[in-house]
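What follows is a structure written as structure tokens; I'll ask about it next.
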Protein chains: 2
Amino acid sequence: MVLDPVTEPEADAGLAAIDGARFPAFPSLVKSLHGELLARLRDYIVEGNLAAGARVPERMLCEHFGISRTPLREALKVLASEGLIELLPNRGARVRQLGAEELVDLFDVMGGLEALAGRLACEKITPEAYAEIERLHHEMYSSYMRRDLHGYFACNQAIHDRIVQAADNEPLRTSYANFAGRLRRVRYSANLDENRDRWGEAMREHEEILDALRRRAGSELSDILFRHLRNKRRAAEGRETAPPPDDASAAS
Amino acid sequence: MVLDPVTEPEADAGLAAIDGARFPAFPSLVKSLHGELLARLRDYIVEGNLAAGARVPERMLCEHFGISRTPLREALKVLASEGLIELLPNRGARVRQLGAEELVDLFDVMGGLEALAGRLACEKITPEAYAEIERLHHEMYSSYMRRDLHGYFACNQAIHDRIVQAADNEPLRTSYANFAGRLRRVRYSANLDENRDRWGEAMREHEEILDALRRRAGSELSDILFRHLRNKRRAAEGRETAPPPDDASAAS
DNA sequence: GGGCGGAAAATTGCATTCATTTTTTGAGAG
DNA sequence: CTCTCAAAAAATGAATGCAATTTTCCGCCC
């Protein structure tokens with residue numbers, strides 16, 4: 001069984017792009033059909049093909065993926081444990097709706113994980129990996145000066161990913177990917193284009209980040225990264241989710 | 001189906017007791033038979049009824065819990081996503097064996113989560129909750145002076161849990177519980193009885209913890225908690241897992 | 001016209017069944 | 001006696017079947 005006779009979940013421009021740093025989730029799960037389906041279903045939901053709060057139609061997904069209900073339901077149970085959907089007894093699964101408070105909580109956890117990643121990265125990063133981050137930082141700065149939002153986002157994303165990678169901690173990577181996935185459904189129109197102040201502030205924070213990392217100042221970097229995420233959230237506050245899975249960039 | 005004909009897995013005093021502030025893991029999962037089975041199976045494994053690295057016998061567990069393979073397999077998939085077991089394609093599930101590096105990584109993540117909890121607690125803790133922690137701290141100190149290891153452990157555990165509760169962040173609680181569960185299989189014979197130095201050091205660290213919390217110094221507390229966990233790990237280093245599910249206390 | 005009640009349809013949860021794959025077993029060769 | 005290899009046995013992964021619950025739909029009453 002190869003999971004083929006399906007119309008490829010169209011609209012996957014969003015994730016595929018950022019996918020450069022695809023995390024393996026759990027090695028044991030990526031292999032073996034079940035893991036394949038799990039990843040596909042996760043993407044399907046994360047990309048917004050299902051409205052927030054909407055019912056998850058087993059039947060429909062079964063034919064969409066060309067499988068029977070058993071593996072699908074197994075995948076749903078896992079996605080529920082990841083917090084992406086919720087299971088109502090006898091009433092099926094629903095796409096988890098994020099309230100404002102939950103959003104804040106999730107951002108804080110992301111901040112905590114990035115803080116941890118930064119601290120660990122200071123201990124473990126190789127000179128090469130640091131050099132690469134430095135390069136990305138300068139490229140980002142250049143994008144910033146050019147007001148190239150897209151380039152800026154890409155570098156920004158890459159830098160944060162590199163820091164997590166540099167932490168060299170598998171459970172951390174997995175958790176990070178999980179929370180990032182949950183937040184990916186959220187669209188912040190905190191378009192930096194409309195928020196020059198925040199953009200400049202974010203850029204300054206990144207200067208601090210690079211500086212702390214250069215000095216391998218773990219505690220400091222940890223602090224800065226947490227605050228950085230806090231500010232990112234504040235800048236994006238009040239914005240809701242958006243069904244169409246078009247643009248996948250997130251403000252920083 | 002009522003999931004009855006089984007000897008109740010006991011010894012979960014840790015999490016269940018603290019329920020004053022609700023530890024629902026995921027609300028959607030605790031209700032509904034599936035969640036019940038999931039919790040039971042998780043406990044069954046965490047408590048060491050299955051040897052580390054051993055095969056997870058579906059057939060046996062089915063009759064043990066009095067259910068068919070379908071719900072059991074769903075639960076196994078979830079436990080795999082939690083990292084408690086691993087799924088080998090066509091070769092079933094195995095209890096995850098923690099190597100030394102993974103253990104270190106897990107401890108670091110726990111440290112990161114506690115650090116985050118401390119930071120958030122400084123922002124959100126109520127005077128009453130703080131007073132309770134202060135009380136526990138003094139009780140712990142008293143146990144320390146009396147060389148009452150059991151009392152010391154209990155207070156220590158309670159303090160860390162209260163800090164997580166005070167952070168008032170559901171996803172954090174869930175993640176924390178998840179990682180704590182993974183580490184529960186590990187028995188550190190870092191018996192403070194045989195390690196007076198570490199005991200005193202831990203006590204001093206707890207003084208710092210309380211002090212930072214009193215001053216609501218989030219960054220500081222964050223730092224201390226991370227270092228505290230690091231030291232805890234170092235003191236416990238080199239110890240392996242233990243099959244018998246007797247005593248459930250973990251060294252600090 | 002706007003609910004109300006109840007039967008039909010759909011959906012869910014779990015058990016059972018079936019096709020593959022892996023593991024075990026045992027006979028025979030070296 | 002040990003190793004090899006094939007057949008039997010067992011286990012896994014997924015599909016299907018079935019009872020129970022929920023949702024939908026439609027005629028009916030107010």
Side-chain angles (χ1 to χ4, degrees), chain A residues 1-6 25-42 44-45 50-51 53-81 84-96, chain B residues 1-6 26-42 44-45 49-51 53-81 84-96:
Chain A
M1 185 66 55
V2 169
L3 270 186
D4 240 345
V6 190
F26 273 100
S28 54
L29 294 180
V30 277
K31 343 175 177 193
S32 100
L33 270 327
H34 167 256
E36 184 68 23
L37 172 64
L38 185 58
R40 285 241 254 157
L41 186 55
R42 186 170 19 229
Y44 186 85
I45 293 175
L50 262 34
R55 224 185 146 97
V56 179
E58 287 189 6
R59 181 66 54 186
M60 185 196 104
L61 292 174
C62 281
E63 44 195 59
H64 180 87
F65 291 111
I67 54 165
S68 81
R69 286 178 54 220
T70 307
L72 182 87
R73 299 181 93 264
E74 290 172 351
L76 288 179
K77 298 286 200 289
V78 174
L79 294 184
S81 94
L84 209 67
I85 63 179
E86 56 188 345
L87 264 26
L88 291 75
N90 283 318
R91 306 171 87 233
R94 298 188 118 73
V95 177
R96 193 120 182 251
Chain B
M1 189 64 49
V2 168
L3 270 188
D4 240 345
V6 190
F26 274 100
S28 53
L29 292 180
V30 275
K31 339 172 180 190
S32 102
L33 271 328
H34 167 257
E36 186 67 24
L37 172 65
L38 184 59
R40 286 242 253 156
L41 186 55
R42 183 170 22 230
Y44 186 86
I45 293 175
N49 296 83
L50 263 34
R55 217 185 154 94
V56 179
E58 288 188 8
R59 187 66 57 187
M60 184 195 103
L61 291 174
C62 281
E63 46 194 58
H64 180 85
F65 291 110
I67 54 167
S68 82
R69 284 178 58 219
T70 308
L72 183 88
R73 297 180 94 267
E74 290 173 351
L76 288 178
K77 298 287 200 290
V78 174
L79 294 184
S81 95
L84 209 67
I85 63 179
E86 57 186 347
L87 265 26
L88 291 76
N90 284 318
R91 306 171 88 234
R94 296 190 121 72
V95 178
R96 193 118 180 250

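Below, chain A is the first sequence line, B the second, and so on; all start at residue 1.
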Between CG of A:Leu87 and P of C:dC14 the distance, given in whole Å, is 10 Å
Check: B:Arg94 and B:Glu86: salt bridge (charged side-chain N to carboxylate O under 4.0 Å, His left out), yes or no, with the steps?
Finding: CA-CA 5 Å; B:Arg94 296 190 121 72; B:Glu86 57 186 347; over 6 Å; no
Counting only side-chain nitrogens and oxygens, does B:Arg69 get under 4.0 Å of the OP1 or OP2 atom of C:dT16?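 No, outside the criterion.
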inquiry  = Can you tell me if B:Arg59 touches the phosphate of D:dA10, counting only side-chain N or O atoms and a distance under 4.0 Å to OP1 or OP2?
reply    = no
The side chain of A:Glu58 is closest to which nucleotide in this list: C:dG13, C:dC14, D:dA14?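 My answer, after comparing the listed nucleotides, is C:dG13.
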Self-check item: Quiz item: A:Arg91 side-chain donor-acceptor pair to C:dG13 base, under 3.5 Å
Solution: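 Side chain to base: no pair present.
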Separation of D:dT21 atom C1' from A:Asn90 atom CG, nearest Å, is 5 Å
Note to self: Please report the distance, rounded to the nearest Å, between CD in B:Glu63 and P in D:dA11.
What the structure shows: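 These atoms are roughly 10 Å apart.
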Report task. Whole angstrom is fine here: how far is it from CG in A:Leu61 over to C1' in C:dT12? Result ->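 Distance, rounded to whole Å: 14 Å.
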In whole angstroms, the gap separating P of D:dG13 from CD of B:Glu74 amounts to 14 Å
TODO: Determine, step by step, whether A:Arg59 and A:Arg69 satisfy the side chain to side chain contact (heavy atoms under 4.5 Å, CB included) criterion, reporting the C-alpha distance in whole Å, the side-chain angles of both residues, the deciding distance to 0.1 Å, and the verdict.
DONE: CA-CA 7 Å; A:Arg59 181 66 54 186; A:Arg69 286 178 54 220; 4.3 Å; yes
* To do: Applying side chain to side chain contact (heavy atoms under 4.5 Å, CB included), run through B:Leu87 and B:Lys77 and close with a yes or a no.
  => CA-CA 8 Å; B:Leu87 265 26; B:Lys77 298 287 200 290; 3.6 Å; yes
When rounded to whole Å, the CZ to P distance for the pair A:Phe65 and D:dA14 reads 14 Å
Round to the nearest Å and state the distance from B:Glu36 atom CD to C:dC14 atom C1'.
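It is 16 Å, rounded to the nearest whole Å.
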Looking only at D:dG13, C:dT12, D:dT16, the nucleotide nearest the B:Arg73 side chain is D:dG13
Next item on the list: Indicate whether OP1 or OP2 belonging to C:dC14 is found under 4.0 Å from a side-chain N or O atom of B:Thr70.
Entry: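 Indeed not, no polar side-chain atom of B:Thr70 lies that close.
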In terms of heavy-atom contacts, A:Ser81 and B:Ser81 come closest through OG-OG, 3.3 Å
When A:Arg55 and B:Pro57 are each assigned the nearest nucleotide of DNA chain D, the 5'-most assignment goes to B:Pro57
message: Using whole Å, what does the distance between atom P of nucleotide C:dA15 and atom NE2 of B:His34 come to?
response: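 Computing the B:His34:NE2 to C:dA15:P distance gives 13 Å.
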key: Test applied, side-chain contact (heavy atoms from CB on, under 4.5 Å); reference residue, B:Leu41; option that passes from B:Leu61, B:Val78, B:Ile85   =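 That would be B:Leu61.
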